[in-house]
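Report on the following structure.
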Amino acid sequence: MISITDLKAGYGALPVLFGISLDVSRGETVALIGANGAGKTTTFAVLTGRLKPQSGHVTLMENDISAMTPMEVVGAGLAIVPEGRQLFPSLTVEENLLVGAHCRRPGRWNLEQVYEIFPTVAELRRRPSTALSGGQQQLVAIGRALMSNPDVLLCDELSLGLSPAAVDAVYVAFERLKAEGLTTILVEQDIVRALSVSSRFACMRHGQIVLTGASANADRAEISHAYFGMH
Ligand code: ATP
């Protein structure tokens, strides 16, 4: 579904990604894990067209998206639930969702379908997005991404800043999307959570993928070693 090949990128003279390669098949949930500064968010910035790679490619359903603008990437079928949710504060919940439909990609998702899968969001539809709790805002951010009818959904730190109960509610919602067969790449600081919701994981350190494997039988000691570079 999405194929990342030898991706190198950075900020000005600062190199950050040193040749990332990762293939994600249709319906898979892959967790991208790694310590602060490992390059996870930078990888997402390249995938979403906000940062141009120095070299390498990203192909989505055979389309090379690495030179596309952020809007073109959404049109090609990739959407992101950004870190910190980033809802439009002056808009209602429903208006935020409609912004996600801007590129009018055909597919399963529309307001009705989002409200059906996330009934909490339906109840809040007329509220200003600023009147919502963090967990509720996270559901709206996921719904907004779905409204573009993505083939691949990137989720950046879904649990960040949320109470444990809100994190549970967000991941119940996420499981519903998995059951729908959506292809997702998930960045998550909570490694236990990341492994429990994903089929595979890729661990980054210093701008490289240093370990990949099946999440179900992941060896925690091996992951800690990859994560921190030590035993
Ligand atoms: P975190 O969990 O802290 O977000 P991360 O794995 O997502 O970590 P990145 O945010 O991709 O890591 O950061 C990788 C490196 O790139 C870090 O050294 C960081 O300081 C640097 N960096 C990130 N964004 C920028 C930017 N806009 N300009 C310059 N350097 C940046």
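Source: prediction; values computed, not measured. Both counts, for ligands and for their atoms, begin at 1 and track the order of listing.
Protein heavy atom in closest approach to atom 10 (O) of ligand 1: T41 CB, 3.6 Å. Counting only heavy atoms of the protein, atom 22 (N) of ligand 1 lies nearest to Y11 CE1, 3.3 Å.
Taking 4.5 Å as the limit, every side-chain heavy atom of L17 sits out of range of all side-chain heavy atoms of K8. For the pair F174 and R193, the minimum side-chain heavy-atom distance is 4.5 Å or more.
Inspection of the Y11 and T42 side chains reveals an N or O donor paired with an N or O acceptor under 3.5 Å. Judged purely by distance below 3.5 Å, without hydrogens or angles, the side chains of T120 and Q136 never pair a donor atom with an acceptor atom.
The proximity of Q189 to ligand 1, defined as any non-hydrogen pair under 4.0 Å, is limited to the side chain. Here L14 has side-chain heavy atoms under 4.0 Å from ligand 1, and that is the only part of it that gets that close. Looking at V16 against ligand 1, only its side chain comes within 4.0 Å, counting heavy atoms.
Annotation for ligand 1: atoms under 4.0 Å from non-hydrogen atoms of A35 are 6 (O).
If you check each of G37, A45, G34, A38 against atom 14 (C) of ligand 1, the one with the closest non-hydrogen atom is G37.
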Trace of the side chain to side chain contact (heavy atoms under 4.5 Å, CB included) decision for E175 with V197: CA-CA 7 Å; E175 290 289 349; V197 299; 3.5 Å; yes

Residues L195, R220; criterion side chain to side chain contact (heavy atoms under 4.5 Å, CB included); working and verdict: CA-CA 10 Å; L195 293 175; R220 297 300 160 90; 3.6 Å; yes

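Between T42 and ligand 1, at least one pair of N/O atoms sits closer than 3.5 Å. When only interatomic distances are considered, the shortest N/O to N/O separation between G39 and ligand 1 falls below 3.5 Å.
There is no protein heavy atom less than 4.0 angstrom from atom 20 (O) of ligand 1.
With respect to the salt-bridge test (charged N to carboxylate O, under 4.0 angstrom), the residues D23 and R200 do not qualify.
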